[in-house]
Structures are given as C-alpha cells and as structure tokens.
There are 2 protein chains.
Amino acid sequence: MSDNIIIQGFESAEHDHRHCVADALSEAERVCTQRGERFTPLRRTVFELLWSSHKPVKAYDLLAQLALTHDRPAPPTVYRALDFLQEAGLVHKLESLNAYIGCGEPGRRHQGQFLICERCGVVAELDDEALTSRIDANARKIGFKVSDETIEITGLCRQCQVS
Amino acid sequence: MSDNIIIQGFESAEHDHRHCVADALSEAERVCTQRGERFTPLRRTVFELLWSSHKPVKAYDLLAQLALTHDRPAPPTVYRALDFLQEAGLVHKLESLNAYIGCGEPGRRHQGQFLICERCGVVAELDDEALTSRIDANARKIGFKVSDETIEITGLCRQCQVS
DNA sequence: ATGCAGATTGATACAAGATAACATTCAGCA
DNA sequence: TGCTGAATGTTATCTTGTATCAATCTGCAT
Ligand SMILES: [Zn+2]
Ligand SMILES: [Zn+2]
Ligand SMILES: [Zn+2]
Ligand SMILES: [Zn+2]
C-alpha cells in the first residue's frame with residue numbers, strides 16, 4: 001500500500017499519455033489472461049477509447065466513436081464491452097455522470113473514489129483505505145454488511161480554480 | 001454535532017412511521033417558509049409519496065402514484081417537484097439507483113451518506129463529519145476544491161443478513 | 001478435417017430516465 | 001381589476017440502458 005492515495009488524474013499537461021495508455025493496455029491484457037478471459041479487438045477498442053483521455057466517456061459517445069471504424073454498431077455492442085471491462089475491474093462507472101473511465105490500478109480489487117472537476121471534466125481516482133475503513137466501521141456499527149461503494153466528489157481541480 | 005451518525009433508516013418494524021411523516025411534513029413546511037418558497041399541494045403530494053416508506057422511489061413510480069389522484073400527469077410534473085425539493089434540501093437523489101428519498105435532517109445543509117440494502121431496499125442516511133473531513137483533506141492535498149459529494153454504500157442490512 | 005458447445009457479436013426493438021419548449025393557470029399585489 | 005412572475009399543464013424529444021433472438025466465431029473433441 002502506497003502512502004500516495006492518488007491512482008490517476010490531474011497529471012501535468014505534458015505527461016506522457018501514450019505511456020499511460022500503453023501501460024493500461026498491457027495491464028488489461030495481463031488481467032484478462034489471468035482471469036482466463038478474452039481481450040477481444042472490440043473490447044480493446046472500447047478500452048482504448050476510454051483511455052483516450054483522463055476524462056470519463058459516455059456510452060453513446062463511445063458508440064459514436066465506434067461508428068467511425070465499425071459498421072453501424074448498436075448500443076448493446078458498447079454496453080456489453082463496458083460490462084465486461086467493469087467485471088474485469090478494468091473500468092469504473094461514474095454514477096453521478098452516467099459515464100465510464102478506465103481504472104488506474106486494475107488487478108487490485110477496489111471500488112475507487114473519484115474527484116470530478118466540474119469545469120474541465122478531468123477525473124482523479126483515489127484510494128484512501130482509511131476512508132474505506134471508516135465507512136466499514138460506520139456500517140458495522142449498525143450491523144450493515146458492505147458490498148459496494150460509490151464515492152464521487154465533484155468540485156474544481158487546481159488548474160480550474162485559478163483560470 | 002451528535003455522536004450518533006445515523007439520521008434515518010433501518011428503524012424497527014414497529015416504529016411509528018406516521019410520526020416520521022408528520023415530522024417530515026412540518027419540517028418541510030418550516031424550511032419552505034424560511035426560504036420564502038411555496039410548499040404547494042403538488043410538491044406536498046410528491047413529498048408524501050417519497051415518505052411513504054424509508055425506501056427510495058423512482059421518478060416514474062412517483063408519476064404512476066400521482067396518476068391515481070391527478071389527471072394524466074406528465075414527467076415534467078414530477079421532475080419539477082423533485083428539483084424543487086432537492087433545491088430546498090428536502091430530498092436526496094441516489095445516483096446509483098436513479099431514485100429519490102426524503103432527507104432525514106433538512107434544514108442543516110449536507111449531501112448525505114447512504115447505506116442501501118440491496119435485498120429489502122431500505123436506505124439509511126448517515127452523517128459522519130469525520131468522513132467528510134477526511135475527503136476534504138484528501139482533496140485539499142491535491143488542490144481540489146470540493147463542492148459536492150455522492151456517497152452511496154450498497155450491501156445488506158442487519159435483518160437481511162439473517163433472513 | 002469435422003462437428004459441437006459455449007462465448008461473442010450483430011441486429012431489432014423497446015424500456016427507463018430525463019429535459020426542452022411553449023401554453024395555461026394561479027397567487028400575490030399594485 | 002388587471003398585471004407579473006411563479007407554478008403547472010402539454011407535447012414532443014432526447015438520453016441511457018435492456019430484452020431478445022440470430023449469426024458468427026473459438027476452442028476442443030472426435
Ligand atoms: Zn495519461
Ligand atoms: Zn480503479
Ligand atoms: Zn418511519
Ligand atoms: Zn439528508
């Protein structure tokens with residue numbers, strides 16, 4: 001467990017995003033192989049579209065992007081790919097936006113905690129285990145057994161506060 | 001600040017729900033009056049429908065309920081009432097369910113933290129200021145200015161674990 | 001090689017959730 | 001009484017997500 005709770009997001013403008021994507025792709029390959037599942041071309045394409053930036057993407061926007069390279073894709077095409085990627089822990093859904101974003105640390109099971117900049121749209125993914133522990137403790141106090149967490153914080157990133 | 005972080009939810013089966021509702025209604029009247037806004041019959045009806053249980057209600061279910069007493073209500077009718085009630089802090093939206101629930105403590109501004117039982121559907125609303133502080137601290141560490149929180153925890157309530 | 005079973009994708013239709021735009025009615029007040 | 005802005009009615013449309021069944025592909029046993 002790292003002391004740095006930030007998993008991805010709000011990187012400097014000059015960061016090597018190609019490297020981000022390459023890493024994410026190889027991690028995805030690895031995760032799928034380990035799970036005995038197939039990282040098919042379609043799933044890979046959707047995954048790459050999601051990683052085209054550190055901003056969440058909406059399902060129908062993915063669909064429109066897909067339409068550029070595939071013949072008349074239909075909604076189930078993209079939703080099935082998204083379901084698969086979420087199952088595999090490669091992608092998170094942001095419930096407050098109805099949008100999807102690539103996970104910055106697949107392999108380790110987690111729900112993710114997100115900081116969403118309402119101005120530029122960039123999302124940071126955090127993992128603060130103390131936060132999760134605190135939630136678990138609160139739940140346990142009233143006999144509630146946690147299975148899933150949705151933690152999405154909206155606001156302004158540093159850049160967008162000044163400009 | 002109370003030491004008890006639970007605001008509502010998971011009450012005993014015999015709890016006096018009529019009292020819950022009466023309290024919620026008088027609080028709502030008070031809040032609206034204080035804000036100089038009108039708690040109209042329509043808004044009141046929607047509010048009462050939301051308080052018919054401690055479970056979240058979907059907009060189109062509200063619409064169906066409304067249809068029993070009103071003449072062919074349309075979606076904007078219920079969405080406008082919901083918008084008003086949310087603005088006034090009387091109702092929360094649960095993003096992970098696309099559903100709405102009455103706030104257990106209006107008057108005091110907060111976003112709410114929710115425990116959602118995936119079996120019985122009952123929702124508890126908590127307010128753990130330490131949790132909010134921790135989130136704020138994490139955000140501040142990376143220069144993020146928080147304006148809104150969505151915290152929704154899914155799992156099993158005590159009753160539903162045993163039965 | 002051939003054929004089969006399960007997984008994946010294609011295709012059509014529809015359900016569910018939410019909003020835009022404009023018309024009408026209502027409450028409060030000059 | 002008549003005006004004004006708030007509230008509600010009405011119609012249409014947009015966004016988001018599923019159900020269902022057909023076609024294709026993959027890996028494997030024969
Ligand atoms: Zn990057
Ligand atoms: Zn993640
Ligand atoms: Zn009650
Ligand atoms: Zn509340």
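In what follows, chains carry the letters A, B, and so on, assigned in the order in which the sequence lines appear, proteins first and then strands, with residues in each chain numbered from 1.
Going from atom CD of B/Glu87 over to atom C1' of D/dA7 covers 15 Å, rounded to whole Å. Going from atom CZ of B/Arg43 over to atom P of D/dG9 covers 11 Å, rounded to whole Å. Here D/dT8 presents its P atom at 11 Å from CZ of B/Phe39, a figure rounded to the nearest Å. One can place CD of B/Glu37 at 12 Å from P of D/dT8, the figure rounded to the nearest angstrom. We find that CG of B/Asp71 is positioned 7 Å from P of D/dT10, with the value rounded to whole Å. Note: CG (B/Leu42) to P (D/dT10) measures 12 Å, nearest angstrom. Rounded to whole angstrom, the span from the CG atom of B/Leu63 across to the P atom of D/dG9 amounts to 11 Å. For the pair A/Leu82 CG and C/dT9 P, the computed distance is 12 Å after rounding to whole Å.
Tracing side-chain contacts under 4.5 Å through hydrophobic residues (I, L, V, M, F, W, Y), one never reaches B/Val21 starting from B/Ile7; they form parts of separate clusters.
Every pair passing side-chain hydrogen bond (donor to acceptor under 3.5 Å, both in side chains) that includes a residue from residues 19-28 of chain B is listed here, sequence neighbours excluded: B/Glu27-B/Arg30. Applying the salt bridge (charged side-chain N to carboxylate O under 4.0 Å, His left out) test to every pair with at least one member in residues 39-60 of chain B, sequence neighbours left out, gives these pairs: B/Glu29-B/Arg44, B/Arg44-B/Glu48.
For A/Thr77, a side-chain nitrogen or oxygen approaches OP1 or OP2 of C/dG10 to under 4.0 Å. In terms of phosphate contacts, B/Thr40 brings no side-chain nitrogen or oxygen within less than 4.0 Å of OP1 or OP2 of D/dA7.
Two residues are said to be in side-chain contact when any heavy atoms from C-beta on lie closer than 4.5 Å; B/Asp128 and B/Gln113 meet this criterion. At a threshold of 4.5 Å between non-hydrogen side-chain atoms, the residues A/Glu125 and A/His92 count as touching.
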Throw together a table of side-chain donor-acceptor distances under 3.5 angstrom for residues 81-88 of chain A, partners on residues two or more places apart or in other chains.
none

* **Contact letters for nucleotides 25-30 of chain C, in which S counts primed atoms plus P, OP1 and OP2 and B counts the base, heavy atoms under 4.0 Å** => --S---

* Structure fact -> Contact string for nucleotides 12-23 of chain C, one letter per nucleotide 5' to 3', B = base within protein heavy-atom range under 4.0 Å, S = sugar-phosphate only, - = neither, reads B----BBBBB--

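Using a 4.5 Å cut-off between side-chain heavy atoms of Ile, Leu, Val, Met, Phe, Trp and Tyr, A/Val123 falls into a hydrophobic cluster with A/Leu94, A/Leu97, A/Ile101, A/Phe114, A/Ile116.
Summarising the local packing, CD of B/Gln159 is surrounded by 12 or fewer heavy atoms from other residues, nucleotides or ligands at distances under 6.0 Å.
A parallel orientation is assigned to the rings of A/Phe10 and B/Phe144, their planes being inclined by less than 30° (bins at 30° and 60°).
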